[in-house]
Number of protein chains: 2
Amino acid sequence: MTERPSAGAAPRIHTSIARDLGVAIVSGQYQPGAVLPGEIEFSAQLKVSRSAYREAVRMLAAKGLVESRTKTGTRVSERARWNMLDPEVLAWAFVNEPPEPFVRSLFEMRLIVEPAAAALAAVRRTEPQLARMRQALEDMGRHGLGTPEGRQADQDFHSAILLATGNEPLAALSSTITAAVRWTTAFKYRKNAVPRDPLDDHGAVFAAIAAGDAARAREAMTALVSLALEDTSTVLGE
Amino acid sequence: MTERPSAGAAPRIHTSIARDLGVAIVSGQYQPGAVLPGEIEFSAQLKVSRSAYREAVRMLAAKGLVESRTKTGTRVSERARWNMLDPEVLAWAFVNEPPEPFVRSLFEMRLIVEPAAAALAAVRRTEPQLARMRQALEDMGRHGLGTPEGRQADQDFHSAILLATGNEPLAALSSTITAAVRWTTAFKYRKNAVPRDPLDDHGAVFAAIAAGDAARAREAMTALVSLALEDTSTVLGE
DNA sequence: CGCGTCTATTACTCAGACAATAGAGGTGTG
DNA sequence: CACACCTCTATTGTCTGAGTAATAGACGCG
C-alpha cells in the first residue's frame with residue numbers, strides 16, 4: 001500500500017479503550033447479554049473521562065459488539081450481531097488465542113472466496129495489478145515468510161488478487177482475509193512450526209492469472225489455501 | 001429474529017448525524033480525500049453539540065469511512081478502506097440509487113458465497129434450522145414478496161441458510177447479504193417491475209438442503225441467484 | 001538548498017450540568 | 001384480589017466551555 005498501516009498515528013485514548021474492551025468482549029470476558037457497568041462508574045474505573053469512554057462505546061456499537069439504551073445500560077450484543085468481518089474485530093479476536101473452530105471457519109471462508117476471486121482476477125486483471133502481484137511474489141521470495149516484509153508481501157499478493165476482481169464488496173473482504181492470513185501465519189511461526197515454503201503455490205496461482213486461465217487459477221488457489229490449512233492444522237494439534 | 005429491527009429505538013442524535021454523513025459520503029457527496037469542516041464549525045452548522053458530532057464521526061471511523069488526525073482534520077478515506085460489508089454502510093449505499101455496477105457486484109458476490117453456503121448447510125443443518133427455513137418459505141408463500149412480511153421471510157430464508165453453515169464469518173455475511181436482498185427487492189418493486197414468483201426457486205433450494213444433497217443445493221442456489229440477477233438486470237435497463 | 005525550530009491550527013480530553021427515557025414500584029379502582 | 005395507571009428514580013443522551021497535545025507548514029539558520 002501507499003502508507004504504513006501502524007505508523008504516524010498518535011495513541012488516542014478512545015481508540016485504546018475500544019481496543020481493550022473489544023478484546024475483552026471477543027475473548028469472552030464479557031458474555032453476550034452481559035451489561036457493562038454504568039458510564040460514570042466504568043469511565044472512572046478506567047481513569048478516563050466520560051466522553052472518551054462514550055466514544056469508545058460508540059465505536060464498539062458501530063461494529064455490532066454492544067448496544068446501548070437509556071436506563072437499560074450498555075450490553076454486549078449476541079454473537080450473531082458481531083461484525084466478524086471487520087478487520088479490527090478480527091484482529092481483536094487474534095490477540096488472545098482464538099478457538100480452533102474459528103480459525104478453521106476462516107479457512108473455510110477463504111476456500112470459498114479466494115478461488116472464485118482468483119478465477120475472476122484471471123479474466124479481469126489489468127497490467128498494473130499484475131505487476132503488483134509479481135512484485136509481491138518477488139518480495140516473498142527475497143525475504144521469506146519468517147520476516148515481517150515477507151509476510152507483508154504475502155498479504156499484498158492475496159490483496160492484489162481480490163482487488164483485481166474489480167468487485168468492490170469482494171475487495172472489502174481483502175482486509176478481512178489479509179488479516180486472517182496475517183494472524184494465522186504469525187500463529188504458525190510463533191509455534192515454531194516452520195511449514196513448507198509456499199512460494200511455489202503462490203507462483204502457480206500467479207502464472208494462471210497472468211495467462212488469463214480462470215479454471216487453472218481457481219484450482220491453484222484452492223490448492224494453496226488447502227495446503228495452508230493443512231500446515232495450520234498440524235500446529236493446532238490434529 | 002426475536003426482536004423487531006426498527007422498533008423501540010429512540011432516535012439518537014449522534015446516530016442520525018452518522019447516518020446523514022454516511023449517506024453523503026457513500027453517495028459521493030464528499031469525495032475520498034476531501035476534508036470535512038472543523039469540528040466546531042461543522043457541529044454548529046449541523047446544530048448539534050460537539051460531543052454528538054464527535055460520536056458520529058467515531059462511528060464513521062469505525063466503519064472505515066473517515067480518518068481523523070490532529071492538524072489535518074477529518075477526511076474521507078479512500079474507497080478501498082470502506083467497510084462495504086457493514087450492513088449499515090450497505091444500507092446507506094442504497095438510500096440513493098446506487099450505481100449499476102455496484103448492484104451487479106453484489107450479485108456476483110452472492111453467486112460466490114450463497115451456493116457454497118447452501119452446500120455446507122445441506123450437510124450441517126440442524127433440525128431447528130431446517131424448521132426455520134421451512135417457516136420462512138411458508139411465510140413467503142402466504143404473504144408474497146409484495147408485502148413487507150414476505151420480504152422479511154425472504155431475508156430470513158437466506159439468513160437461515162448462512163446460519164446453518166455453522167461458520168461464524170460466513171454467518172456474518174448474513175446481515176450483508178440480507179441487506180442486499182432487501183434493497184434490490186425493494187428496488188425492483190419500486191420500479192413496478194413485478195418479477196416471476198421466485199417461490200419455486202426457493203423451494204428447490206430448501207428441498208435439496210432438507211435432503212442433505214450438497215451438490216443439488218449448490219446448483220439450486222446458483223439458479224436462484226442467477227434468476228434474481230436477471231430480474232434485476234431488466235430493471236436496471238439492459 | 002537542506003535541515004532543525006516555531007507556531008498556529010486541529011483534534012483530543014476533561015469536567016459538570018441538565019434533559020429524556022424507561023423500568024420499578026407504588027396507588028387507586030373495579 | 002386483579003389490573004391499569006401513575007410517579008419516581010436511575011441511566012444514557014445531550015450540551016457547554018475550557019484546557020491539552022500533536023503536527024503540518026512556515027520560518028530561519030547554517
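Labels below follow one simple rule: chain letters A, B, ... track the order of the sequence lines, proteins then strands, and each chain is numbered from 1.
For the atom pair A/L65 CG and A/N83 CG, the distance stands at 8.5 Å (nearest 0.5 Å).
Between A/L90 and A/T176 the shortest heavy-atom distance is CD2-O, 3.2 Å.
Checked against salt bridge (charged side-chain N to carboxylate O under 4.0 Å, His left out), B/R54 has the following partners two or more places apart in sequence or in another chain: A/E55, B/E39.
Along DNA chain C, the nucleotide closest to B/T72 and the one closest to A/K47 are compared, and the more 5′ of them pairs with B/T72. When the nearest nucleotides of DNA chain D are assigned to A/L36 and A/P11 by heavy-atom distance, the more 5′-ward of the two goes with A/L36.
Counting to the nearest Å, the P atom of D/dT12 and the CD1 atom of B/I13 are 18 Å from each other. Atom pair A/E41:CD and D/dT12:C1' shows a separation of 14 Å (rounding to whole Å applied). Remark: P of C/dC14 and CZ of A/R12 are 14 Å apart, rounded to the nearest angstrom. A/I40 has its CD1 atom 11 Å from the C1' atom of C/dG16, to the nearest Å. Summarising the geometry, the separation between CD on B/E39 and P on C/dT10 is reported as 11 Å, rounded to the nearest angstrom. In this structure, A/R75 atom CZ and C/dA22 atom C1' are separated by 13 Å, rounded to whole Å. With rounding to whole Å, B/L46 atom CG is found 14 Å from D/dT14 atom P. Distance NE2 (B/H14) to P (D/dT12): 13 Å, rounded to an integer number of Å.
For B/S174 and B/S159, the side-chain atoms include at least one donor-acceptor pair closer than 3.5 Å.
A heavy-atom distance below 4.0 Å to DNA chain D is reached by these residues of residues 48-63 of chain A, ordered by number: A/R50, A/R54, A/R58.
Residue pairs meeting the ring-ring contact (aromatic ring centres under 6.0 Å, His included) criterion with at least one member in residues 56-88 of chain A, sequence neighbours excluded, do not occur. Note on residues 156-175 of chain A: pairs passing ring-ring contact (aromatic ring centres under 6.0 Å, His included), not counting sequence neighbours, are A/F157-A/H202, A/H158-A/H202. Legend: ring-ring contact (aromatic ring centres under 6.0 Å, His included) pairs involving residues 32-59 of chain A, not counting sequence neighbours, sorted by first then second residue: A/F42-A/Y53.
Residues A/S68 and A/V57 form a side-chain contact, since some pair of their non-hydrogen atoms from C-beta on lies under 4.5 Å apart.
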Heavy atoms under 4.0 Å is the rule here; annotate nucleotides 3-8 of chain C 5' to 3' with B where the base is hit, S where only the sugar-phosphate is, and - elsewhere. -----B

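Looking at A/R142 and A/D139, a side-chain N of the basic residue comes within less than 4.0 Å of a carboxylate O on the acidic one, giving a salt bridge.
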